Amino acid sequence: MQNMKTRPFDLNAIRKDFPTLSVSVRGKPLVYLDNAATTLKPKSVIRALNRYYKDECSNVHRGVHYLSEKATAEYERAREKISHFINARLSSEIIFTRGTTDAINIVAQSYGRTFLKAGDEILISHMEHHSNIVPWQILCEEKGCVLKVAPVNDAGELILDEFKKLVNPKTRFISIVYVSNSLGTINPIKEIIDFAHAHKIPVLVDAAQAVGHRAIDVRGLDCDFLAFSGHKLFGPTGVGVLYGKEDLLNAMPPAQGGGDMIATVTFEKTTYNVLPYKFEAGTPPIAGVIGLGAAVDYVRSIGFENIGTHEKELLEYGTRALKAIPGLRLIGTAQHKASILSFVLDKIHPHDLGTLVDEQGVAIRTGHHCTMPLMARFNVPATARASLAFYNTKKEIDSLVAAIYKAKKVFT
Amino acid sequence: MSESTSKHELYQQVILEHNKKPRNFKKIDNPTHFAEGYNPLCGDHLMVYLSVDDKGIIQEISFEGSGCAISKASASMMTVSLKGKTLDEARKLFEQFHKLVIGKLHPEKDAHTLGKLSIFSGIWQYPARVKCAILSWHAMNGAINKVQNVSTEN
Ligand SMILES: Cc1ncc(COP(=O)(O)O)c(C=O)c1O
């Protein structure tokens, strides 16, 4: 990965970079603990979006005029940045999508429909987000493939032995989450990929929850595909990335037809554009891509070492603080865990808790987190979830704890 | 207004009490009408059972299932207020309650027959929770119109 100067980790200075952190909610300073849903955006990202709309607004890859060339250059520069950020071999292996969901669907539809056939097995885990379940179910319906699900244990860890046992000659694709959005579990993704490759099975990694929190090295991992969303990486909504190995992407048909993805069009025969454009039909989210480039710059200026250290500290502090609350049960207690704290409380439904802590300005997520099979596995209809990012503080965790005690009082 | 006033707009004693001790929280054997209500966004899930006589009067009404305090209390209070009512009256109340929770009926200004149910008048300020309050009503309405699966999402 390209070296870039990181600045000293100054939490106060960092917090000033995020305008939303100074918003007040219901008369209280916002305590934003819903980073797994979406992260806040630093000023530099907001400025980049603003600059594009104000000073560079035009379409990309189309005009010969000045602004169009400028916007195209910015757009392609963002691709370069992201390519370095995840250590891809080529920037043409970076496909811009609408997000993680879109990226997984592209692979299911393009790779899946072309290379998988009736009876082939697709292996996922029990902790997948719906976006890494449903696209495969749709494919299975259409092609007669079979979806296999590797189990998780009571701590919310993938049972690797069982996972390996599910791999057999019919297994033709593995799609797996890197970091679970509901439990925080970090999967042994490298081991999974190596095992899969020993059996000649391609692997897609859903990195939606990994990307803003740990360095990702697609060449080091040797994953075949990797998907993430810009909005969970402190960037804009509506944009995401599909990374794919060049030879795989080249062998795959386009997922959508339209402008930009073609080389020549006649009514008899259309030829397709080269990578990455073959997979980017239509006008892309130009501002979003440019904003995502700015987000990557920002995250690199903080540095994943700093981010990792701080988030680990928050996780340990938060785990201890929540465990001390009577009647609180953590859901997801993996050894190897990201800064996500999912929990249930005796006698208070997560939704009631969510509303009551919101009264104190504390934003957490409550519900099934788009992982209904996982909720069923843990026998809960929903959980409350606090998910932390590098700008969060111990004091904010204290605010959450205080708000939980207040809610408990209402329900006694 | 103090913080507690605004909070207890939603979590008032009556609601907390119905949540703790829901009325008619059971299954009716041989119901004439029943339906399942489901809120896929939060996983709230309940069954509503009715026993309606030849004259169209609700002799018995009950519910069971799991959900948050708002959905449970709302279901409990619904069963209390619908018992002994005719199906037409139940439909009318459903309409009024629906308007109430989306902020289109103001109990102090508008004519209504909601009685104690008007306690839910503040809930429109919590858009994400409106569905919790209305779930059992949708299920009831589905049941009496012979729709057996009701989701808040369609
Ligand atoms: C693990 C995981 N995968 C996929 C997604 C879907 O991302 P998006 O909604 O941005 O497409 C999410 C978002 O919540 C997620 O947490």
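The sequence lines fix the lettering, A, B, ..., with proteins before strands; numbering per chain opens at 1. The figures that follow rest on heavy atoms only: side chains count, while hydrogens, waters and symmetry mates do not. For clarity, every value in this text was computed on a predicted model and none was experimentally measured.
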Next item on the list: Enter the distance from B:Arg129:CZ to A:Asp358:CG here, rounded to the nearest 0.5 Å.
Entry: 10.5 Å
Notebook entry, point to check: Within a reach of under 6.0 Å around NZ of B:Lys85, are more than 12 heavy atoms found that belong to other residues, nucleotides or ligands?
Noted result: yes
Next item on the list: Measure distances from A:Thr383 to the heavy atoms of chain B and classify the residue's part below 4.5 Å as side chain, backbone, both or neither.
Entry: neither
Note to self: Just verifying a value: how many Å separate A:Thr355 OG1 and B:Tyr11 OH, rounded to the nearest 0.5 Å?
What the structure shows: 4.0 Å
Note to self: Could you check whether atom CZ of A:Arg98 has more than 12 heavy atoms from other residues, nucleotides or ligands sitting under 6.0 Å from it?
What the structure shows: no
Checklist line | Side chain to side chain, A:His349 and B:Asp44, heavy atoms closer than 4.5 Å | finding: yes
Margin query: Measuring only between side-chain heavy atoms, which start at C-beta, is A:His351 closer than 4.5 Å to B:Ile70?
Written below: no
Next item on the list: Examine whether an atom of B:Lys72 lies under 4.5 Å from a heavy atom of chain A, and if so say whether it belongs to the side chain, the backbone or both; otherwise answer neither.
Entry: neither
Next item on the list: Give a yes or no on this: more than 12 heavy atoms of other residues, nucleotides or ligands lie within 6.0 Å of atom CZ of A:Arg377.
Entry: yes
Next item on the list: Evaluate whether atom CZ of B:Phe34 has more than 12 neighbouring non-hydrogen atoms of other residues, nucleotides or ligands under 6.0 angstrom away.
Entry: no
Item checked: Atom pair CG (A:Asp352) and SG (B:Cys132), whose distance is rounded to the nearest 0.5 Å -> 7.5 Å
Item checked: Segment of A:Met375 engaging chain B (4.5 angstrom heavy-atom cut-off) -> neither
